[in-house]
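Throughout, a chain's letter reflects where its sequence line sits, starting with A, and its residues are numbered from 1.
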Amino acid sequence: MKREIRVYNTLTQEKEVFVPREPGKVSVYVCGVTPYADTHLGHARPSVVWDVIIRFLRHLGYETLHVQNFTDVDDKIIQRSLEEGVPALEISKRYIKEYLASMDALGVQRADYYPKVSEHIEEIIKLIQGLVDKGHAYAVEGDVFFSVASFAEYGKLSKQKLEELREGTRFEVDPKKRDAADFALWKAAKPGEPAWDSPWGRGRPGWHIECSAMSLKYLGEEFDFHGGGNDLIFPHHENEIAQSEAATGRPLARYWVHSGMITLKDTKMSKSLGNIVSLKRLLEEYPPALLRFYLLSTHYRSSLEYYEGKLEEMKRGWSRLNEAARKLREDLAEAQEGELTAFDQETLDNLERYADEVVDALSDDFNTAMALGVLFDVVREINSYKHKGGFHRQVLQKGWDILQLWAGEILGVLELGQQRQEGLTDGLMELILAIREELRRERNFALADRIRDQLAELGVVVEDTPQGPRWKV
RNA sequence: GGCGGCAUAGCCAAGUGGUAAGGCAGGGCUCUGCAAAAGCCCCAUCCCCAGUUCGAAUCUGGGUGCCGCCUCCA
């Protein structure tokens, strides 16, 4: 059931029809993190966005190959290593572990490969050598620089003109560079830094080159999607394009997909600004599915505001979606079979239409915000159906299937009560509620209400319904 | 200064030519011992100005405001 998918391509600044390099297959490279500090909310956005994109593409029948790198050789890690007196690779190992644990908690499916710089030095050196051989790079005193002047299309992704870049340079230019806009492919080793042997002496890779080398190794030339935060457009992705395309003579990626920043009071969240919201902390306080709901409530290219209490606000709407699914699943157990009435059929048709709209939304540049909007339509449709007395198995099943698949499997915003405590709690609740029902029958509402209120104080919400009491945490 | 983007109800947020999705909050009602949940109804003409068009939130030009990148950054 493949549909036409449209994707906004940063390179062309237009929405384009997605045509994969190979029919039925999708190759994806997403820039991962530099593991030198705790994972923050900003890291969660591209991860969850790509998780949804990949789940969606798989659902449509594409075979996906997803690579996400770890830049584990880097100035910041080295600095941290010197501060702590711990080997750089141990620092990165620690934060990679932390990152992956957070992503697991968020329900992000693992990529197929998580290549690290430190394990691909050979490939990197080979790529640099090729660039030197072709005249795109030059070595000076153990450093190797990429010559931007040798790549005519330099600036095509970020729409920067070389002239402007040269003038705009606010930092001190390394005198070894021939051109102020040139950038390092290889850096000569300084004492105490991790270093590897190379044709230019001991040293380490510069930033950018690892992604060119590793994407080439795992995905080959001209793969489908290249993703990451939009703060990577320049210089990182611009430089990747220069390196890779100068080396292979082919486009690096077919579609460049950049996600927006998470902001705090209109200001980007970033490590250097120190306005970080720890992902670990959020995961301790809120359900992962709610975090995903929040992250997916806005189109991936827009910036997304975060503030204290934001998730609390979103929780109400999110709960409605979850409650609808939960109740639907329960109803399904006792649903009626039989002839479909005109009303049943009409509801069924509406649900069918909504299911199509969800697919349309996701097919149009992965519009998760719109998809969620449609899923709320599904909730209203099904609740209204039940309110009017509808109880046909086929209809309820359809509603459940839609919510389960799209809200559950693809978007991952459902939390279907798996958090409900097993055994003892269930038993105790059953007992308490049975007693309370007894009191209510005796019209001892004062005591019944007291039980309900006190349970509420413990965080247990009791709802009295025609089918008997229900409770949730 | 250069480049990119955004501006839709109290808040969040879809919507790229055909007359404003959805969520939260708010008001009214139904159900109900009460409450909760749920349902029904109500609640915007889209930053400003000028154009193009039979018709624009959607296109063009000009403003204003905000954000991102140009330095490490998801």
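Two residues, Arg6(A) and Leu273(A), neighbour RNA chain B, and the one matched to the more 5' nucleotide by heavy-atom proximity is Arg6(A). Each of Lys161(A) and Cys31(A) lies near RNA chain B, and the nucleotide nearest Lys161(A) is the one positioned closer to the 5' end.
Using the Watson-Crick or G-U wobble rule with both distances under 3.5 Å, A57(B) pairs with nothing in any strand shown. As the counterpart of C40(B), G28(B) is assigned, both hydrogen-bonding distances of the Watson-Crick or G-U wobble pattern falling under 3.5 Å. Under the Watson-Crick or G-U wobble criterion, with both distances below 3.5 Å, C3(B) is paired with G68(B). Base-pair partner of U19(B): not found among the strands shown (Watson-Crick or G-U wobble, both distances under 3.5 Å). Across every strand in view, G33(B) sits unpaired, with no contact that passes the Watson-Crick or G-U test at under 3.5 angstrom.
Taking 4.0 angstrom as the limit, Ser384(A) places a side-chain polar atom (N or O) nearer than this to OP1 or OP2 of C40(B). For G5(B), one of the phosphate oxygens OP1 or OP2 lies less than 4.0 angstrom from a side-chain nitrogen or oxygen of Gln13(A). Contact annotation: Arg320(A) does not reach the phosphate of A37(B) (side-chain N/O to OP1 or OP2, under 4.0 Å). The side chain of Arg316(A) contributes an N or O atom lying less than 4.0 Å from OP1 or OP2 of A25(B).
The interatomic distance linking His43(A) (NE2) with A74(B) (P) rounds to 4 Å, in whole Å. With rounding to whole Å, Asp174(A) atom CG is found 15 Å from U71(B) atom C1'. One atom, CG of Leu165(A), and another, P of C69(B), lie 15 Å apart when rounded to the nearest Å. Regarding His387(A), its NE2 atom lies at a distance of 11 Å from the P atom of U32(B), rounded to whole Å.
Side-chain N/O atoms of Arg380(A) and base N/O atoms of G22(B) include no donor-acceptor pair closer than 3.5 Å. Side-chain N/O atoms of Asp449(A) and base N/O atoms of G33(B) include a donor-acceptor pair closer than 3.5 Å. The base of C34(B) sits with one of its N or O atoms less than 3.5 Å from a complementary donor or acceptor on the side chain of Arg452(A).
Glu323(A) and Arg320(A) are not joined by a salt bridge, as no carboxylate oxygen comes within less than 4.0 angstrom of a charged side-chain nitrogen. With salt bridges taken as basic N to acidic carboxylate O contacts below 4.0 Å, none links Lys190(A) and Asp75(A).
Ring geometry, Tyr218(A) versus His120(A): the interplanar angle exceeds 60°, so the pair is classed perpendicular (tilted spans 30 to 60°). Classified by interplanar angle (parallel below 30°, tilted 30° to 60°, perpendicular above 60°), the ring pair Phe234(A)/Tyr154(A) is perpendicular.
Looking at residues 285-299 of chain A, you'll see Ser297(A), Thr298(A), His299(A) sit with a heavy atom under 4.0 Å from some atom of RNA chain B.
When the C1' atom is compared between C47(B) and G22(B), the two are found 23 Å apart, to the nearest whole Å. Distance noted for atom P between U52(B) and C67(B): 35 Å (whole Å).
Among the candidates Val48(A), Leu375(A), Leu321(A), the single residue satisfying the side chain to side chain contact (heavy atoms under 4.5 Å, CB included) test with Leu411(A) is Leu375(A). Screening Phe18(A), Trp256(A), Tyr29(A), Tyr8(A) for a ring-ring contact (aromatic ring centres under 6.0 Å, His included) with Phe225(A), the sole residue that qualifies is Phe18(A).
If you check every strand for non-hydrogen atoms under 4.0 Å, Asp75(A) touches nothing. Within the nucleic acid shown, Asn383(A) comes within 4.0 Å of sugar-phosphate atoms alone, with no base atom in reach, counting heavy atoms only.
Of the candidate nucleotides G33(B), A14(B), G2(B), G33(B) has the atom lying nearest to any side-chain atom of Arg436(A). If you check G22(B), U16(B), A14(B) against the side chain of Lys15(A), the one that comes closest is U16(B). Set against A74(B), A14(B), G2(B), the side chain of Leu232(A) has A74(B) as its closest nucleotide.
Look at Phe376(A) and the base of G23(B); the rings do not stack under the cut-offs of 5.5 Å between centres and 30° between planes.
Put simply, CZ on Arg450(A) and CG on Asp453(A) are 10.0 Å apart, with the number rounded to the nearest 0.5 Å. Taking OG of Ser212(A) as the reference point, atom NE2 of His237(A) lies at 10.0 Å (rounded to 0.5 Å). Atom CG of Leu295(A) is separated from atom OH of Tyr306(A) by 11.0 Å, given to the nearest 0.5 angstrom.
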Below 3.5 Å between N/O atoms, which protein atoms pair up with nucleotides 63-67 of chain B? Just atom names and distances, please.
| unit_1 | atom_1 | unit_2 | atom_2 | d |
| --- | --- | --- | --- | --- |
| C67(B) | O3' | Asp266(A) | O | 3.0 |

